[in-house]
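Each ligand, and each atom within it, is numbered from 1 in the order the structure gives. Position 1 is the first residue of the sequence; numbering continues from there. This one's a predicted model, so the numbers in the text were calculated from it and none came from an experiment. These numbers come from the heavy atoms of this one structure, side chains and all, not from hydrogens, waters or symmetry mates.
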Amino acid sequence: MRIIRKVKDWRKLRSSSLLKNKKLGFVPTMGALHAGHLSLIKKSKKENQKTIVSIFVNPTQFNDKKDLKNYPRTLNDDIKKLREEGTDFLFLPDTNEIYAEEFTYKVSESHISRLMCGAFRPGHFDGALTVVMKLLNIIDADSAYFGEKDYQQYMLIKGMAKAFFLKTKIIPSKTIREKDGLAMSSRNLLLNPRQRLLAPKLHKILNSRKSPEQIKESLNSARFETEYVKEAWQRRFASAKLGKVRLIDNVKIKR
Ligand code: PAF
């Protein structure tokens, strides 16, 4: 696996005979890789001739500085996992290069980004959309892969790609869960043992046939601090905290 840190080095490689007419798949991540990320890489490898993964903990999508500071960083483990998965390239950019203009230019969506997670994390989606736009422009892939656990993010990225006529195809991939139903997330590493035992209840309760109001009550009784339970795109979404750890999940609505 080749590790590339500079935009100009990747551009050179992308236009070289090694990659020029090759179908390229791209998996953007913030590291702390788990089986959910690995499933995106597997999908990309199946559908493309080459796969590149990026690891970049994007500061502009954290509306809370402490959250950014505490975000899990496991680079050596990540590199090992990427090698085992047969990833071709890892893009590891530097914040100073990605944000040379200091985030004075941004991509902003004014409808979907204000709902659900956007209502509780002001500015979060501006940061996420901006970095994804930058990465898609840099990497110049045929397809980019996003997990459905962050379904609102996936819908926004899909909308952005359409609105700005981006060439890269935006491809969703199913949420990967632990055996007990908990959606895989880098943030799960932040749960203490007691919280980890409670965490699968988010999926269990969300997946029941109760109304959103009843789900909110059940989550709160199960010691979650529920931010929202909402329905959209034939799915039911929830965000709930265990202590300081914010968990999100979504399921298809059963009729
Ligand atoms: O879903 C994520 O891990 C991040 O939001 C992304 C898409 C890598 C952008 O920083």
Sequence neighbours excluded and cut-off under 3.5 Å, please list the side-chain donor-acceptor pairs for residues 234-248, or say none.
unit_1	atom_1	unit_2	atom_2	d
Arg235	NH1	Asn250	OD1	2.8
Arg235	NH2	Glu148	OE1	3.3
Arg236	NE	Glu231	OE2	3.0
Arg236	NH1	Ser208	O	3.2
Arg236	NH1	Lys210	O	3.1
Arg236	NH2	Lys210	O	3.1
Arg236	NH2	Glu231	OE2	2.7
Ser239	OG	Glu227	OE1	2.7
Ser239	OG	Arg246	NH2	3.3
Arg246	NE	Glu227	OE1	2.8
Arg246	NH2	Glu227	OE1	3.1

For Arg2, does the CZ atom have more than 12 heavy-atom neighbours from other residues, nucleotides or ligands under 6.0 Å away?
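Atom CZ in Arg2 is not crowded, with 12 or fewer foreign heavy atoms closer than 6.0 Å.
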Within a radius of less than 6.0 Å around NZ of Lys81, do more than 12 heavy atoms belonging to other residues, nucleotides or ligands occur?
yes
Asn48 and Tyr145: side chain donor to acceptor below 3.5 Å
yes
Indicate every side-chain donor-acceptor pair of residues 123-135 with a distance under 3.5 Å to a residue at least two apart or in another chain.
unit_1	atom_1	unit_2	atom_2	d
His124	ND1	Gln61	O	2.8
Asp126	OD1	Ser108	OG	3.3
Thr130	OG1	Val107	N	2.8
Thr130	OG1	Asp126	O	2.6
Lys134	NZ	Ile98	O	2.8
Lys134	NZ	Glu101	OE1	3.2
Lys134	NZ	Glu101	OE2	3.1

Contact list for residues 185-231, test ring pair (Phe, Tyr, Trp, His ring centres under 6.0 Å), sequence neighbours left out:
Phe120-Tyr228
Ligand-protein N/O pairs under 3.5 Å (ligand 1):
unit_1	atom_1	unit_2	atom_2	d
ligand 1	1 (O)	Gln153	NE2	2.8
ligand 1	5 (O)	Gln61	NE2	2.9
ligand 1	5 (O)	Gln153	OE1	2.7
ligand 1	10 (O)	Gln61	OE1	2.6

